[in-house]
Student: 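Shown below is the structure under consideration.
What you are looking at is a predicted structure, and each value in this text was computed from that prediction instead of being measured. Position 1 is the first residue of the sequence, and the numbers go up from there.
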Amino acid sequence: MTIAVTAASGQLGSAIIRALPRMTDEPLVGLARSPDKAAGLGVEIRPGDYADREQMEKSLAGVDTLLLVSGMAAPDERIRQHRNVIEAARANGVRKIVYTSIQGAETGTAFSPIVQSNRQTEADIRASGLDWAIGRNGIYIEPDIDYLENYKTSGEIANCAGDGKCGYTTRDELAFANARMLTEPTHHGQTYRLHGEPISQTELAAYFNNAFGTDLRYRAMCVSDYQAERIDALGNFMGTIIAGIYEGIRLGALETESEFAKAAGRPHQGWDDYFATFRR
């Protein structure tokens, strides 16, 4: 049973490939748009550009189970690219697809079109006739860790989440859950929300202070001001999306019941334990 993982050069795809050998001895294949960037993973790497249907058909030859990492294209293009992968999988006799979807407000925010595009791919996978499992990822906490120096410089975490709580997760935890979903048939036909205990931005600041010895506070911003600030820092496309994610937190769309334990067979790592790994 050959297992293939797309976006193998990315952080989530590579984490899933590293997690799989702990659970299976089956052959592993990584698919990457730029194969050379995934060369150090110790598995066979094949070309895997979602936009190239013919290439995907060739690269999925002999694959039994496929992990499809959600792409990064604009919503309409993302749907078309994902369909290329699904159709290429069917043409090659792939029997099962596991899809890394997302959580978020489905309407009412600048992030909602991205969420809707992922829901369409979920529907396409369910209609494919293949076995399937879907994990709706919470928000990665690693970007906040990577932003530590910026937080220290400003002395605060400032965004438009307000008092809303967010179901954060980590790539390593997602990798573990997805490896289980790929290798265990009990997950067929299941859709899981994958995240840890939801926390507020004030609680996030407190975790930072305890782990890194900072003195951060949380400052709530209005959505329009935060969007303008993010656009100035990241450009229109990404800045608008980030603001939409935090508006979704504000609206309660990321404070959901976690089903991580159903997918992973164990609870999600607690935030006390996670931040203890950084404590100085």
Student: Check the surroundings of atom CD in E44: do more than 12 heavy atoms from other residues, nucleotides or ligands lie under 6.0 Å from it?
Tutor: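 Yes.
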Student: Going by side chain to side chain donor-acceptor pair (under 3.5 Å), Y218 matches just one of N159, T202, D163. Which one?
Tutor: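 Only match with Y218 under side chain to side chain donor-acceptor pair (under 3.5 Å): N159.
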Student: I'd like to know whether CD of E197 has more than 12 heavy-atom contacts from other residues, nucleotides or ligands below 6.0 angstrom.
Tutor: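 No.
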Student: Between Y168 and W271, is a side-chain contact (heavy atoms from CB on, under 4.5 Å) present by the stated rule, with each step listed?
Tutor: CA-CA 9 Å; Y168 287 103; W271 297 122; 3.6 Å; yes
Student: Which heavy atom of G13 sits nearest a heavy atom of V5, and at what distance?
Tutor: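 Minimum heavy-atom contact is O-CG1, 3.7 Å.
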Student: Is any NZ, NE, NH1 or NH2 atom of the basic residue among K152 and E149 found under 4.0 Å from an Asp or Glu carboxylate oxygen of the other?
Tutor: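 The answer is yes: the pair qualifies as a salt bridge.
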Student: Counting N and O atoms only, with roles assigned by atom type, does the side chain of E255 sit under 3.5 Å from a partner on the main chain of G252, one being a donor and the other an acceptor?
Tutor: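 Not at all, since once roles are kept as given, no pair shorter than 3.5 Å links the two residues.
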Student: To the nearest 0.5 Å, how far apart are CD1 in I16 and CG in D172?
Tutor: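 Reported to 0.5 Å precision, the distance equals 10.5 Å.
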Student: I'd like to know if the side chain of R78 reaches the main chain of A73, judged simply by a donor and an acceptor atom lying under 3.5 Å from each other, with no hydrogens or angles considered.
Tutor: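 Checking the backbone N and O of A73 against the side chain of R78, a donor-acceptor pair under 3.5 Å is found.
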Student: Could you identify which residues cluster with M23, counting Ile, Leu, Val, Met, Phe, Trp and Tyr as linked when any side-chain heavy atoms lie under 4.5 Å apart, either directly or through a chain of such contacts?
Tutor: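 Its cluster mates, by chain and number, are F176.
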Student: Counting only heavy atoms from other residues, nucleotides and ligands, does the tally under 6.0 Å from CG of D146 exceed 12?
Tutor: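 Count over threshold, so yes.
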Student: Considering all heavy atoms of both residues, which atom of A161 and which atom of Q201 are nearest to each other, and what is their separation?
Tutor: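 Looking at all heavy atoms of both residues, the closest pair is CB-CG, 3.7 Å.
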Student: Could you measure the distance from the CG atom of L148 to the CD1 atom of I157? Nearest 0.5 Å is fine.
Tutor: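 Output value for this atom pair is 9.0 Å.
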Student: Say whether Q120 and D124, considering side chains only, have a donor N or O and an acceptor N or O under 3.5 Å apart.
Tutor: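 Their side chains do contain a donor-acceptor pair, which is all the 3.5 Å distance test asks for.
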Student: Testing the 3.5 Å rule here: is there a donor-acceptor pair between the side chains of E184 and H187?
Tutor: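 H187 and E184 do have a side-chain donor-acceptor pair below 3.5 Å.
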Student: Looking only at atom types and distance, does a side-chain atom of Q81 sit under 3.5 Å from a main-chain N or O of A51, one as donor and one as acceptor?
Tutor: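 No.
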Student: May I ask you to decide if A243's main-chain N or O and Q227's side chain share a donor-acceptor pair within less than 3.5 Å?
Tutor: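 Between the backbone of A243 and the side chain of Q227 there is no qualifying donor-acceptor contact (under 3.5 Å).
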Student: Can you name the closest pair of heavy atoms from I97 and A89 and give their distance?
Tutor: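 Taking I97 first and A89 second, the nearest heavy atoms are CD1-CB, 4.2 Å.
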Student: Using a 3.5 Å distance criterion without hydrogens, assess whether the side chain of R171 forms a donor-acceptor pair with backbone atoms of Y140.
Tutor: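 It does not hold such a pair.
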Student: Given 3.5 Å as the limit, does a donor-acceptor pair link the side chain of T100 with the main chain of S70, or not?
Tutor: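 Such a contact is found between T100 side chain and S70 backbone.
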Student: Work out which heavy atom in S59 is nearest to a heavy atom in R46; give both atom names and the distance.
Tutor: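 Answer, listing the atom of S59 first, then R46: O-NH1, 2.6 Å.
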Student: Within this structure, what is the NZ-CD1 distance for the pair K96 and I3, rounded to the nearest 0.5 Å?
Tutor: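 Here the interatomic distance stands at 8.0 Å.
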Student: Among pairs that include at least one residue of residues 63-77, which meet salt bridge (charged side-chain N to carboxylate O under 4.0 Å, His left out), considering only residues two or more places apart or in two chains?
Tutor: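 Those involving residues 63-77 are D64-R95, E77-R80.
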Student: Among all residues two or more places apart in sequence or in another chain, which pass the ring-ring contact (aromatic ring centres under 6.0 Å, His included) test with F260?
Tutor: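 Testing F260 for ring-ring contact (aromatic ring centres under 6.0 Å, His included), a comparison that skips the adjacent residues, returns H268.
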Student: In this structure, are over 12 heavy atoms from other groups packed under 6.0 Å from R126 atom CZ?
Tutor: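 Above 12, so yes.
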Student: One pair to check against side-chain contact (heavy atoms from CB on, under 4.5 Å): N84 and Y50. What are the steps and the verdict?
Tutor: CA-CA 6 Å; N84 282 343; Y50 295 177; 5.8 Å; no
Student: Between T256 and R136, does any side-chain donor sit less than 3.5 Å from a side-chain acceptor?
Tutor: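 R136 and T256 do not have a side-chain donor-acceptor pair below 3.5 Å.
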